[in-house]
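All remarks here apply to the structure that follows.
Just so you know, residue 1 is the first one in the sequence shown, and it goes up from there.
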Amino acid sequence: MAGIIRSTIAGRNAVALLSKTSVDLTSIRCGSSNRVKRIKKPEITNRDANQAKAAAMRAEVAEQSALYEGKRFESAAQSLAARGYLRAIKPYTPPDNASEQVLNLAKENGLNDTKKPFAGKEQKFAFLSACGNAFGHWVPNSMLHELQTVDDAVVFYQTPIDTRLPLDAISSVELPENLYIQQDYIRFHPESDTMFGGKSAFPKSSTVVTGLKYKQKYRGHEAKKSWP
């Protein structure tokens with residue numbers, strides 16, 4: 001009898017424990033569900049405003065492209081004039097009436113609108129050939145695609161090309177009073193420099209001329225060495 005009572009009490013305790021556990025688990029699940037954050041809906045933007053902004057940006061890009069197209073050949077002509085002796089090209093000095101000559105040649109070839117592109121390769125070839133024969137100055141192959149109108153040809157034939165070295169070009173420039181540039185350097189030779197008895201400030205240094213061109217202009221000197 002006592003054993004039956006003990007088993008009955010143990011069973012009741014087990015049921016109570018299970019029921020309590022289930023209640024706690026339910027409370028835990030409910031608590032976790034309350035902490036879930038809601039997903040925010042994306043904000044709807046103004047489509048008309050975005051399209052207007054994109055159209056304004058495209059218009060600005062088109063305006064900048066037009067400005068670049070107007071200056072593209074001027075920059076190319078300036079580059080051709082500046083590179084000078086760095087490229088194997090002939091010097092060119094434009095005549096005073098270079099613009100008038102180009103326009104007259106354009107009219108002879110049926111080109112009345114100076115801003116209109118050439119109608120074809122044949123028309124462009126005939127016009128540029130006439131300009132080359134008249135000025136003795138031809139458009140380089142690397143710039144043929146840049147000349148699209150008569151105005152481009154006017155800019156090209158008004159641009160001078162100087163192929164002199166920078167040191168030689170300075171000789172024709174008026175320098176400030178406190179600046180002097182010596183064009184020809186001086187070499188020491190004991191037979192010609194006799195101010196100090198033919199003695200140099202560097203008695204052990206020789207002045208050897210190796211180039212065939214400058215051997216005729218400058219005399220070389222081999223210094224005497226006491227040792228070795």
Side-chain angles (χ1 to χ4, degrees), residues 64-65 67-102 105 128-228:
Q64 293 179 357
S65 300
L67 292 175
Y68 174 76
E69 283 295 327
K71 296 182 179 180
R72 61 180 176 79
F73 186 74
E74 293 181 5
S75 60
Q78 292 176 1
S79 175
L80 180 64
R83 64 190 179 185
Y85 72 98
L86 297 178
R87 295 294 298 272
I89 55 178
K90 295 181 179 180
Y92 169 71
T93 302
D96 297 335
N97 60 343
S99 177
E100 297 178 2
Q101 292 187 32
V102 173
L105 292 173
L128 294 181
S129 297
C131 292
N133 293 326
F135 291 94
H137 179 52
W138 300 83
V139 181
N141 293 335
S142 60
M143 293 187 63
L144 284 173
H145 67 285
E146 296 285 348
L147 274 76
Q148 300 293 336
T149 62
V150 177
D151 287 342
D152 294 341
V154 172
V155 175
F156 176 80
Y157 282 103
Q158 284 182 336
T159 304
I161 299 177
D162 190 0
T163 58
R164 294 178 298 173
L165 294 171
L167 183 61
D168 297 335
I170 290 176
S171 60
S172 60
V173 178
E174 185 178 357
L175 300 175
E177 296 180 357
N178 60 343
L179 179 61
Y180 173 76
I181 297 177
Q182 183 175 338
Q183 297 291 331
D184 297 328
Y185 54 88
I186 299 175
R187 284 182 174 271
F188 171 81
H189 196 277
E191 296 180 3
S192 56
D193 300 325
T194 59
M195 180 179 292
F196 299 99
K199 294 182 180 180
S200 170
F202 306 95
K204 303 299 182 181
S205 299
S206 301
T207 54
V208 180
V209 183
T210 57
L212 297 176
K213 176 181 178 181
Y214 289 99
K215 277 187 175 181
Q216 301 176 359
K217 189 174 182 180
Y218 302 105
R219 298 177 59 187
H221 165 63
E222 185 176 356
K224 296 181 181 180
K225 296 183 180 179
S226 56
W227 185 89

Before you tell me yes or no, could you show the steps for Asp152 and Val155 under side chain to side chain contact (heavy atoms under 4.5 Å, CB included), namely the whole-Å CA-CA distance, both residues' side-chain angles and the distance that decides it to 0.1 Å? CA-CA 5 Å; Asp152 294 341; Val155 175; 5.6 Å; no
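The shortest non-hydrogen separation linking Leu105 to Ala130 is CD1-O, 3.9 Å. Taking both residues in full, the closest heavy atoms of Phe135 and Ala98 are given as CZ-O, 3.7 Å, listed atom of the first, atom of the second, then distance. Residues Ala153 and Leu147 come closest through the heavy atom pair CA-CD2, 4.0 Å.
Applying the side-chain contact (heavy atoms from CB on, under 4.5 Å) test to Ala223 and every residue at least two apart in sequence or in another chain returns Ser206, His221. By the side-chain contact (heavy atoms from CB on, under 4.5 Å) test, Phe196 is found to be paired with no residue, residues two or more places apart in sequence or in another chain being considered. Every side-chain contact (heavy atoms from CB on, under 4.5 Å) that Leu175 has, sequence neighbours left out, goes to Ile170, Leu179, Ile181. Residues meeting the salt bridge (charged side-chain N to carboxylate O under 4.0 Å, His left out) test with Glu191, sequence neighbours left out: Arg219. Partners of Ser99 by side-chain contact (heavy atoms from CB on, under 4.5 Å), not counting sequence neighbours, listed by chain and number: Leu103, Val154, Gln158.
One finds the NZ atom of Lys90 at 11.5 Å from the CD1 atom of Ile161 (value rounded to the nearest 0.5 Å). Between the CG atom in Asp193 and the NZ atom in Lys199 there is a gap of 14.5 Å [rounded to 0.5 Å].
Counting heavy-atom neighbours within 6.0 Å of Glu177 CD, excluding the residue itself, gives a total of 12 or less. The 12-atom threshold is exceeded at NZ of Lys204, counting heavy atoms of other residues, nucleotides or ligands nearer than 6.0 Å.
By the 4.5 Å heavy-atom criterion applied to side chains, Val102 and Phe156 are not counted as neighbours. By the 4.5 Å heavy-atom criterion applied to side chains, Asn141 and Leu144 are counted as neighbours. Asn133 places a side-chain heavy atom less than 4.5 Å from the side chain of Trp138.
Here salt bridge (charged side-chain N to carboxylate O under 4.0 Å, His left out) pairs that include residues 130-144, with residues two or more places apart or in two chains, number zero.
Between Tyr157 and His137, the two ring planes are perpendicular [angle over 60°; tilted spans 30° to 60°].
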